[in-house]
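Everything on this sheet refers to the single structure shown next.
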Amino acid sequence: MTTRLQYERIRRRDGGYGHLLGIIFRDNETARRFYDGVDIFKGGSFGTIFTLSTPFAQLTTDAERARFAGAGIPSHIVRISIGMEDIDALVDTLFGAIEMAMMRD
């Protein structure tokens with residue numbers, strides 16, 4: 001389990017932790033609707049200059065998924081690696097996709 005102390009040890013000198021975030025949805029279906037609907041690049045490679053989304057636990061082996069589940073990492077998490085796009089446009093894109101994902105048929 002990660003602790004605040006561990007985060008403080010890796011924090012950047014300017015106070016930031018980086019540009020990677022995870023969005024945990026209620027269930028796999030909601031996560032799928034977000035991932036399919038968000039208008040950003042999809043992929044498993046981080047460190048690019050453009051924003052990427054990845055269905056984190058879905059890209060792992062069955063053994064890794066079981067290990068993640070045992071550590072409390074849900075299968076319905078989407079990771080976003082933030083790129084260099086206009087932040088306001090990116091926030092609008094992400095929140096729009098979240099709103100669409102939360103809608104039920």
Side-chain angles (χ1 to χ4, degrees):
M1 175 172 259
T2 304
T3 66
R4 174 86 179 185
L5 179 59
Q6 289 169 315
Y7 277 116
E8 293 302 321
R9 285 185 26 221
I10 62 171
R11 188 174 74 168
R12 293 179 179 172
R13 289 191 178 152
D14 66 359
Y17 297 104
H19 300 93
L20 179 66
L21 63 103
I23 304 172
I24 301 172
F25 291 92
R26 293 180 189 152
D27 51 46
N28 286 334
E29 179 59 24
T30 306
R32 185 198 59 76
R33 284 196 306 266
F34 170 83
Y35 183 76
D36 289 349
V38 69
D39 188 22
I40 58 177
F41 290 100
K42 312 300 199 276
S45 174
F46 296 111
T48 64
I49 63 168
F50 51 88
T51 299
L52 286 170
S53 64
T54 305
F56 179 64
Q58 300 304 315
L59 297 179
T60 62
T61 66
D62 289 340
E64 288 174 316
R65 274 189 222 138
R67 196 177 76 204
F68 289 159
I73 299 171
S75 63
H76 43 274
I77 184 172
V78 176
R79 289 177 67 172
I80 308 290
S81 175
I82 305 299
M84 298 183 67
E85 296 90 351
D86 176 74
I87 192 66
D88 292 327
L90 184 57
V91 167
D92 288 345
T93 297
L94 292 173
F95 276 107
I98 289 170
E99 287 177 12
M100 285 190 316
M102 300 305 284
M103 291 179 176
R104 300 284 179 185
D105 295 327

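Here the structure is a predicted model, which means the values were calculated and not measured. Numbers here are sequence positions counted from 1.
The hydrophobic cluster containing Met100 does not contain Phe95, counting ILVMFWY residues as joined when their side-chain heavy atoms lie under 4.5 angstrom apart, directly or transitively.
Considering only heavy atoms from C-beta on, His76 comes within 4.5 Å of Ile24 through its side chain. Counting heavy atoms from C-beta on, the side chains of Phe34 and Ile98 come closer than 4.5 Å.
Of the possible donor and acceptor atoms, none in the side chain of Ser81 sits under 3.5 Å from a partner among the backbone N and O of Leu20.
Ser53 pairs with exactly one of Leu94, Asp39, Val38 by the side chain to side chain contact (heavy atoms under 4.5 Å, CB included) rule, that one being Val38.
Here Ile23 contributes atom CD1 and Arg79 contributes atom CZ; the two are 12.0 Å apart, rounded to the nearest 0.5 Å. With rounding to the nearest 0.5 Å, the separation of CG in Leu90 from OG1 in Thr51 is 4.5 Å. Atom OG1 of residue Thr54 and atom CD1 of residue Ile80 lie 7.5 Å apart, to the nearest 0.5 angstrom. Rounding to the nearest 0.5 Å places CE of Met102 at 7.5 Å from CZ of Phe25. Taking CD1 of Ile77 as the reference point, atom OH of Tyr35 lies at 14.0 Å (rounded to 0.5 Å).
Lys42 and Asp36 get closest at one heavy-atom pair: NZ-O, 4.4 Å.
In the displayed structure, Met84 atom CE is contacted under 6.0 Å by at most 12 heavy atoms of other residues, nucleotides or ligands. Heavy-atom contacts from other residues, nucleotides or ligands closer than 6.0 Å to CZ of Phe50 number more than 12.
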